[in-house]
Amino acid sequence: MISTQDWADARRLWEYHQMGHSLRPCSVAIGLGSHDLGVADTAVDLYKRGMAPLLVFTGATSPTTRDRMPRGEAVHYQERALELGVPSSAVLVEPRARNTGENIRFSRELLEEAGVDVSSVLLISKPYEERRAYATARKLWPDIEIVSASTPMTFAEYVDSIGDARLVIDMLVGALQRLMIYPAQGFMVSQPVPGDVSEAYERLCQSGFTSRLLTAGTPSA
């Protein structure tokens, strides 16, 4: 049973995870691989709106995408973009990354090898991963401007799209934990966490939304 307080706390985390950046044209758009093809759809929409002349899709497979995307997340994203009318010349694929840090590092290397001059990146992720992606990119690619983006939707709409409210809340809690502990491990820059967000996080942990939390000895990603 998810209480009224749980819903309110989850909504607060959802709001915090989104950066609220104003979209503007960038040198390149990078779509971070996941189970969500909506990332590819949003990347295509932004490309067609002139927000970036080039798309990079990055991601291998994970336990949650192996069956759904057997050729790899980036490859499935590329196929989706081509289906939606993006020319193959406007899409680069980075098929090795298995976590957010590798998404950023390998995409940067790919663009450097391709001779693409990058001063700004439109970084496209799942809605609740915007802040994590931003903080990671600021750490690993500090000399460029990062504009965060995701599929525009409300928390309720996202829950409906996934079909598993408890899983979504678990993911929100897990993403916040990483924002709090990864800076000390050198994986991302520190992001200030408002008191009400911390309190909402603690209450959700106490309510048992802990399946995505890292524990001692868990591999970092």
Side-chain angles (χ1 to χ4, degrees), residues 6 8-24 26-34 36 39 42 56 58-59 62 94 97-109 111-112 118-152 155 158 168-207 209-221:
D6 293 336
D9 289 338
R11 191 171 294 107
R12 183 64 189 97
L13 264 60
W14 170 268
E15 293 167 352
Y16 173 71
H17 282 307
Q18 297 188 342
M19 298 298 294
H21 287 170
S22 296
L23 296 179
R24 73 166 188 81
C26 292
S27 306
V28 63
I30 299 178
L32 304 185
S34 72
D36 188 354
V39 173
T42 297
V56 174
T58 168
S62 70
E94 185 296 296
R98 297 185 181 277
N99 57 58
T100 307
E102 290 185 351
N103 286 142
I104 303 302
R105 288 197 295 110
F106 295 166
S107 293
R108 180 179 183 177
E109 292 170 4
L111 288 162
E112 289 172 350
V118 179
S119 61
S120 56
V121 168
L122 189 56
L123 196 58
I124 306 166
S125 64
K126 299 187 295 296
Y128 70 89
E129 291 282 8
E130 275 195 25
R131 190 174 293 274
R132 176 182 178 182
Y134 173 82
T136 304
R138 293 263 22 100
K139 178 70 176 183
L140 299 177
W141 210 347
D143 53 338
I144 63 164
E145 181 178 357
I146 303 295
V147 179
S148 292
S150 63
T151 305
F155 174 55
Y158 189 76
V168 171
I169 299 176
D170 281 344
M171 292 189 293
L172 294 173
V173 170
L176 185 59
Q177 183 205 34
R178 287 157 177 78
L179 281 168
M180 295 189 292
I181 67 174
Y182 274 3
Q185 299 177 33
F187 296 138
M188 61 176 65
V189 299
S190 179
Q191 296 281 285
V193 180
D196 63 330
V197 174
S198 296
E199 292 166 2
Y201 168 82
E202 294 295 342
R203 283 192 296 266
L204 289 170
C205 288
Q206 292 167 10
S207 294
F209 295 97
T210 58
S211 74
R212 293 304 176 101
L213 292 182
L214 298 175
T215 57
T218 303
S220 298

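- When all heavy atoms of Leu140 and Arg105 are compared, the closest pair comes out as CD1-CG, 3.7 Å.
- Contact of the Val147 side chain with the Leu123 side chain is not registered, since no non-hydrogen atoms from C-beta on lie closer than 4.5 Å.
- Atom CG in Asp170 sits 8.0 Å away from atom CG in Leu213 (nearest 0.5 Å).
- The CH2 atom of Trp14 sits 9.0 Å away from atom CD of Glu130, with the distance rounded to the nearest 0.5 Å.
- To the nearest 0.5 angstrom, Asn103 atom CG is 10.0 Å from Ser125 atom OG.
- Looking at Arg138, its side chain does come within 3.5 Å of a backbone N or O of Ile144 through a donor-acceptor pair.
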Open item on the list: Assess the residue pair Phe155 and Leu172 against the criterion (side chain to side chain contact (heavy atoms under 4.5 Å, CB included)); give the C-alpha distance rounded to whole Å, side-chain angles, the decisive distance to 0.1 Å, and a yes or no.
Closed with: CA-CA 11 Å; Phe155 174 55; Leu172 294 173; 3.7 Å; yes
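- To the nearest 0.5 Å, atom OG1 of residue Thr136 and atom CG of residue Leu179 are 8.0 Å apart.
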- [ ] Let me see the working for Val56 and Val28 under side chain to side chain contact (heavy atoms under 4.5 Å, CB included), right down to the final yes or no.
- [x] CA-CA 7 Å; Val56 174; Val28 63; 3.9 Å; yes
Task: Pair Arg131-Gln18, side chain to side chain donor-acceptor pair (under 3.5 Å): steps then yes or no - done: CA-CA 6 Å; Arg131 190 174 293 274; Gln18 297 188 342; over 6 Å; no
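- For Ser148 (side chain) and Met19 (main-chain N/O), no donor-acceptor pair under 3.5 Å exists by modelled atom type.
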Task: Chi angles and distances behind the side chain to side chain contact (heavy atoms under 4.5 Å, CB included) call for Val121, Cys26 - done: CA-CA 5 Å; Val121 168; Cys26 292; 5.7 Å; no
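- Between Ala10 and Ile169 the shortest heavy-atom distance is CB-CG1, 3.8 Å.
- Contact of the Met180 side chain with the Val193 side chain is registered, since non-hydrogen atoms from C-beta on lie closer than 4.5 Å.
- Proximity of a side-chain donor or acceptor of Arg178 to a complementary backbone N or O of Gly174 within less than 3.5 Å is detected.
- Inter-residue side-chain proximity for Ile30 and Trp141 is flagged as met; some heavy-atom pair is nearer than 4.5 Å.
- Rounded to the nearest 0.5 angstrom, Lys139 NZ and Thr100 OG1 are separated by 15.5 Å.
- Side-chain N or O atoms of Glu94 include one that pairs as donor or acceptor with a backbone N or O of Ala97 at under 3.5 Å.
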- [ ] Step by step, work out the side chain to side chain contact (heavy atoms under 4.5 Å, CB included) result for Val39 and Thr151.
- [x] CA-CA 7 Å; Val39 173; Thr151 305; 5.7 Å; no
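- Not a single salt bridge (Lys or Arg N to Asp or Glu O under 4.0 Å) links Arg11 to another residue, sequence neighbours left out.
- Contact of the Gln191 side chain with the Val189 side chain is registered, since non-hydrogen atoms from C-beta on lie closer than 4.5 Å.
- Every residue two or more places apart in sequence or in another chain that forms a ring pair (Phe, Tyr, Trp, His ring centres under 6.0 Å) with Tyr134 is listed here: His21.
- Counting heavy atoms from C-beta outward, Glu129 and His17 have side chains that stay 4.5 Å or more apart.
- Using a cut-off of 4.0 Å between Lys/Arg side-chain N and Asp/Glu carboxylate O, Arg24 and Glu145 are scored as salt-bridged.
- Remark: Asp36 engages no residue in a salt bridge (Lys or Arg N to Asp or Glu O under 4.0 Å) (not counting sequence neighbours).
- Two residues are said to be in side-chain contact when any heavy atoms from C-beta on lie closer than 4.5 Å; Gln177 and Tyr182 fail this criterion.
- With a 4.5 Å cut-off on side-chain heavy atoms, Val173 and Leu13 count as touching.
- Under a 3.5 Å cut-off, the side chain of Glu202 and the backbone N or O of Ser198 do not form any donor-acceptor pair.
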TODO: Apply salt bridge (Lys or Arg N to Asp or Glu O under 4.0 Å) to the pair Asp9 and Arg203, showing each step before the final yes or no.
DONE: CA-CA 8 Å; Asp9 289 338; Arg203 283 192 296 266; 2.8 Å; yes
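- Judged by distance alone, with hydrogens and angles left aside, the side-chain atoms of Ser190 form no donor-acceptor pair with the main-chain N or O of Pro183 at under 3.5 Å.
- Using a 4.5 Å heavy-atom threshold, the side chains of Ile124 and Leu32 count as separate.
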